[in-house]
2 protein chains.
Amino acid sequence: MRAMISLARSYDGGSVALSDVARAEGISLGYLEQLAASLRKAGLVSSQRGSHGGYRLVSAPAKVTVGEVLRALEGPLSLVECLSETGRSGSCQHETGCPSRVLWERMRDSLAQVLDSTTLADLCHQPESQAAIAARPGH
Amino acid sequence: MRAMISLARSYDGGSVALSDVARAEGISLGYLEQLAASLRKAGLVSSQRGSHGGYRLVSAPAKVTVGEVLRALEGPLSLVECLSETGRSGSCQHETGCPSRVLWERMRDSLAQVLDSTTLADLCHQPESQAAIAARPGH
DNA sequence: TAGAATTCCTAGTATCTTACTAGGAATTGA
DNA sequence: TCAATTCCTAGTAAGATACTAGGAATTCTA
């Protein structure tokens, strides 16, 4: 999520190499590459290979919800296995008449409401990390 | 949570042995004993040792929120380590100016709102599981 | 008073997830 | 040509979760 916010902040500046994001956010490059692959397959970022290549957001930060990001990285929203957004039924024997099912549904929907209503732009307005500032070109 | 709802349904009937709950909900007795220990230490249930002993809710189901139950079992509500209800600061180097912090706060508060506003009584009104019915005295 | 039913306590374990590391291949611009 | 980048796959260390196992303490009842 920090990486996506970092990309969002650079949205007007073209592609950003993952090595820059890695340095700014204190995430290893290898790990970031794996996350980026998921984000690319989900159509949230586009990539440019080779020298001076990098990643960039496909849509404007205000158009990208954190729900989309989270789903791209971790699959359908789910707090318990038997009750994900896409419904993995059959994974729990207690499903029929499970008394706590209603609770998990409420929790899932409450979370989804937050995730689908906050965008990357919302989070960009927060103060930038010291590491990110120090890692910017010119520092 | 299913065990607590089971106890809530027996609230007027005195103590219930964990072996009954275990049978009704398909949870192993040994595991249930460990959960019960946490619930007892949190003051949510009281226990009676010996023959014809068992557990019972201390307060009426309508007075017990699932938030209390969850906190008793799993500690302070927390989706990410650096931002639990009691605040375990220092666990994350990115804390200062972390751009995603606001997001996790919103999610945590949204969940807490659900958890602290639904009671065991709310969940008791749901249909009872087949196993629980079959395990009731008289079946 | 014996014995059965229960809670209480501690230690160990199997499985899964998360957050990585490692190493190399393919691509592209200078 | 070469350096910088993305792309791909496999392996791994640590921790959490959901248990199992075994036994000690307590209490009611026959």
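Labels below follow one simple rule: chain letters A, B, ... track the order of the sequence lines, proteins then strands, and each chain is numbered from 1. Note that the structure is a prediction, hence the values are computed from the model and not measured.
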d([atom1], [X]; [atom2], [N]) in whole Å:
{"X": "A:His52", "N": "D:dT5", "atom1": "NE2", "atom2": "C1'", "answer": "10 Å"}
{"X": "B:Arg2", "N": "D:dC19", "atom1": "CZ", "atom2": "C1'", "answer": "14 Å"}
{"X": "A:Tyr31", "N": "D:dT12", "atom1": "OH", "atom2": "P", "answer": "19 Å"}
{"X": "B:Glu74", "N": "D:dA18", "atom1": "CD", "atom2": "C1'", "answer": "11 Å"}

Taking every non-hydrogen atom, the tightest pair across [X] and [Y]:
{"X": "B:Gly67", "Y": "B:Asp116", "value": "CA-OD1, 3.7 Å"}
{"X": "A:Leu29", "Y": "A:Ser19", "value": "CD1-N, 3.8 Å"}
{"X": "B:Ile5", "Y": "B:Cys124", "value": "O-SG, 4.0 Å"}
{"X": "A:Tyr55", "Y": "A:Leu7", "value": "O-CD2, 3.9 Å"}
{"X": "A:Leu115", "Y": "A:Val66", "value": "O-CG2, 3.3 Å"}

Which comes earlier along DNA chain D counting from the 5' end, the contact point of A:Gly30 or that of A:Gly53, where each point is its nearest nucleotide? A:Gly53
Does the distance from a Lys or Arg side-chain N to an Asp or Glu carboxylate O, for B:Arg56 and B:Asp12, drop under 4.0 Å?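 So B:Arg56 does not pair with B:Asp12 through a salt bridge.
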Could you check whether any side-chain N or O of A:Ser10 sits under 3.5 Å from a backbone N or O of A:Gly13, counting only pairs where one atom can act as donor and the other as acceptor?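 Between the backbone of A:Gly13 and the side chain of A:Ser10 there is no qualifying donor-acceptor contact (under 3.5 Å).
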Comparing A:Ser28 and A:Gly50 on DNA chain C - which has the more 5′ nearest nucleotide: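 Taking each residue's closest nucleotide, the earlier one in sequence belongs to A:Ser28.
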When we call it a touch if two heavy atoms are under 4.0 Å apart, what does B:Ile27 touch: a base, just sugar-phosphate, or nothing? nothing
Just checking B:Gln34: base, sugar-phosphate only, or nothing, at a heavy-atom cut-off of under 4.0 Å? base
Hey, could you give me the CD/CG distance between A:Glu25 and A:Leu32, rounded to the nearest 0.5 Å?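 Separation between the atoms: 9.0 Å.
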At a 4.0 Å cut-off to heavy atoms of chain B, the contacted part of DNA chain C spans C:dA5 to C:dA11
In terms of side-chain heavy atoms, does A:Ser110 have a donor or acceptor partner in B:Ser110 at a distance below 3.5 Å? yes
Residue-level proximity of residues 36-46 of chain B to DNA chain C when a heavy atom falls under 4.0 Å: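 Close to the strand are B:Arg40.
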